[in-house]
Peer 1: 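Following this message is one structure expressed as structure tokens.
The shown structure was predicted, so the numbers you read here are calculated from the model rather than taken from an experiment. Note that the numbering runs from 1 along the sequence shown for the chain. The basis for the numbers below is simple: all heavy atoms, side chains too, and nothing from hydrogens, waters or symmetry mates. Counting starts at 1 for both ligands and their atoms, following the listed order.
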Amino acid sequence: MKKVITYGTFDLIHKGHIRLLQRARELGDHLTVCVSTDEFNAEKGKRAYTSYEDRKYILEAIKYVDEVIPERGWDQKIQDVQDNDIDVFVMGDDWKGKFDFLKDYCEVIYLPRTEGISTTKIKQDLGLSNDDDWKEE
Ligand code: C2G
């Protein structure tokens with residue numbers, strides 16, 4: 001079985017995320033998604049609208065996704081690839097080159113991002129571009 005892995009926050013799931021997951025899954029027989037915890041998002045300078053538990057729940061409902069595990073930091077990827085017998089590591093090409101060190105452990109593929117959509121754009125279009133607007137009711 002050819003196993004694929006990808007990483008991300010996947011907040012406010014949109015077509016760009018789904019297309020990434022679909023193309024990643026098509027590269028093998030099994031897709032593991034490593035989704036950033038809320039704590040790691042803070043480290044990335046991101047504050048997701050949707051909690052880690054809810055982002056995990058949503059990802060597990062997507063037909064291209066076979067397994068969801070937590071991403072707690074930048075330096076777990078080699079261990080994840082080894083522990084999960086991963087053959088292919090996939091990311092959108094905004095990350096091109098950033099994870100080439102994984103080539104010693106698995107195939108590394110950067111896929112073209114889907115233009116015209118992003119979580120940031122959604123927030124801006126909704127006029128919620130700063131954190132204060134995000135306080136839950
Ligand atoms: N993506 C895409 N097209 C978009 C938006 C996102 O292909 N329009 C891809 C990104 O390139 C990434 C994945 O969807 O591969 C998830 O995007 P984010 O949730 O923004 O992930 P990010 O914050 O980049 O976290 O260790 C890696 C990090 O966890 C990646």
Peer 1: Just jot down the ligand 1 atoms closer than 4.0 angstrom to any heavy atom of K77, in number order.
Peer 2: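 Ligand 1 atoms under the 4.0 Å threshold to K77: 26 (O), 27 (C).
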
Peer 1: Is there a polar contact between ligand 1 and F40, counting only N or O atoms under 3.5 Å apart?
Peer 2: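 No, since none of the N or O atoms of F40 sits under 3.5 Å from an N or O of ligand 1.
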
Peer 1: Would you say K44 has any N or O atom under 3.5 Å from an N or O of ligand 1, going by distance alone?
Peer 2: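 Yes, since at least one N or O of K44 sits under 3.5 Å from an N or O of ligand 1.
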
Peer 1: May I ask you to test the R19-R23 pair for a side-chain heavy-atom distance under 4.5 Å?
Peer 2: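 In contact.
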
Peer 1: Would you check whether K46 reaches within less than 4.0 Å of ligand 1, judged by its heavy atoms?
Peer 2: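 It does, in that a heavy atom of K46 comes within the 4.0 Å cut-off of ligand 1.
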
Peer 1: Do we see a donor-acceptor contact under 3.5 Å between the side chains of D80 and Y7?
Peer 2: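 Yes, Y7 and D80 have a side-chain donor paired with an acceptor closer than 3.5 Å.
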
Peer 1: So, do K77 and L102 sit near enough that their side-chain heavy atoms are less than 4.5 Å apart?
Peer 2: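 Yes - at least one pair of side-chain heavy atoms lies under 4.5 Å apart.
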
Peer 1: Side chain, backbone, both or neither: which part of D94 has a heavy atom under 4.0 Å from ligand 1?
Peer 2: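 Side chain only; the backbone of D94 stays clear of ligand 1.
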
Peer 1: Taking the side chain as everything from C-beta on, heavy atoms only, tell me whether I62 gets closer than 4.5 Å to I13.
Peer 2: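 Yes, close enough: below the 4.5 Å cut-off.
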
Peer 1: If we only count heavy atoms from C-beta on, is the L20 to R25 side-chain gap below 4.5 Å?
Peer 2: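 They are not in contact (no side-chain heavy atoms under 4.5 Å apart), so the answer is no.
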
Peer 1: Going by heavy-atom distance to atom 30 (C) of ligand 1, choose the closest among E115, M91, K96.
Peer 2: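 When every heavy atom of E115, M91, K96 is considered, M91 comes closest to atom 30 (C) of ligand 1.
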
Peer 1: Between E71 and ligand 1, does any nitrogen or oxygen pair lie at a separation below 3.5 Å?
Peer 2: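 Between E71 and ligand 1 (N or O atoms, distance only) the closest approach is under 3.5 Å.
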
Peer 1: Do W74 and F40 make the cut of ring centroids closer than 6.0 angstrom?
Peer 2: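 Yes - the distance between ring centres of W74 and F40 falls below the 6.0 Å cut-off.
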
Peer 1: Check the side chains of K44 and S36 for a donor-acceptor pair under 3.5 angstrom, ignoring hydrogens and angles.
Peer 2: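 The answer is yes; a qualifying pair exists.
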
Peer 1: Quick check: T114 and ligand 1, any N/O pair under 3.5 Å apart?
Peer 2: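 Yes.
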
Peer 1: Which of the atoms in ligand 1, numbered in the order shown and given with their element, are less than 4.0 Å from a heavy-atom of F10?
Peer 2: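 Selected atoms, number and element: 16 (C), 19 (O).
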
Peer 1: Is the closest heavy atom of S36 to ligand 1 under 4.0 Å?
Peer 2: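 Yes; S36 lies near enough to ligand 1 that a heavy-atom distance drops under 4.0 Å.
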
Peer 1: Within a distance under 4.0 Å of any heavy atom of W95, pick out the atoms of ligand 1 and give their elements.
Peer 2: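 Counting atoms of ligand 1 from 1, those under 4.0 Å from W95 are 24 (O), 30 (C).
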
Peer 1: Once you measure the plane-to-plane angle for F99 and F101, does it fall in the parallel (<30°), tilted (30-60°) or perpendicular (>60°) bin?
Peer 2: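 Aromatic pair F99/F101 classed perpendicular.
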
Peer 1: Does some non-hydrogen atom of K15 fall short of 4.0 Å from ligand 1?
Peer 2: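 For ligand 1, residue contact (heavy atoms, under 4.0 Å) with K15 is absent.
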
Peer 1: Tell me whether P112 has any N or O atom under 3.5 angstrom from an N or O of ligand 1.
Peer 2: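 No: no nitrogen or oxygen of P112 is under 3.5 Å from one in ligand 1.
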
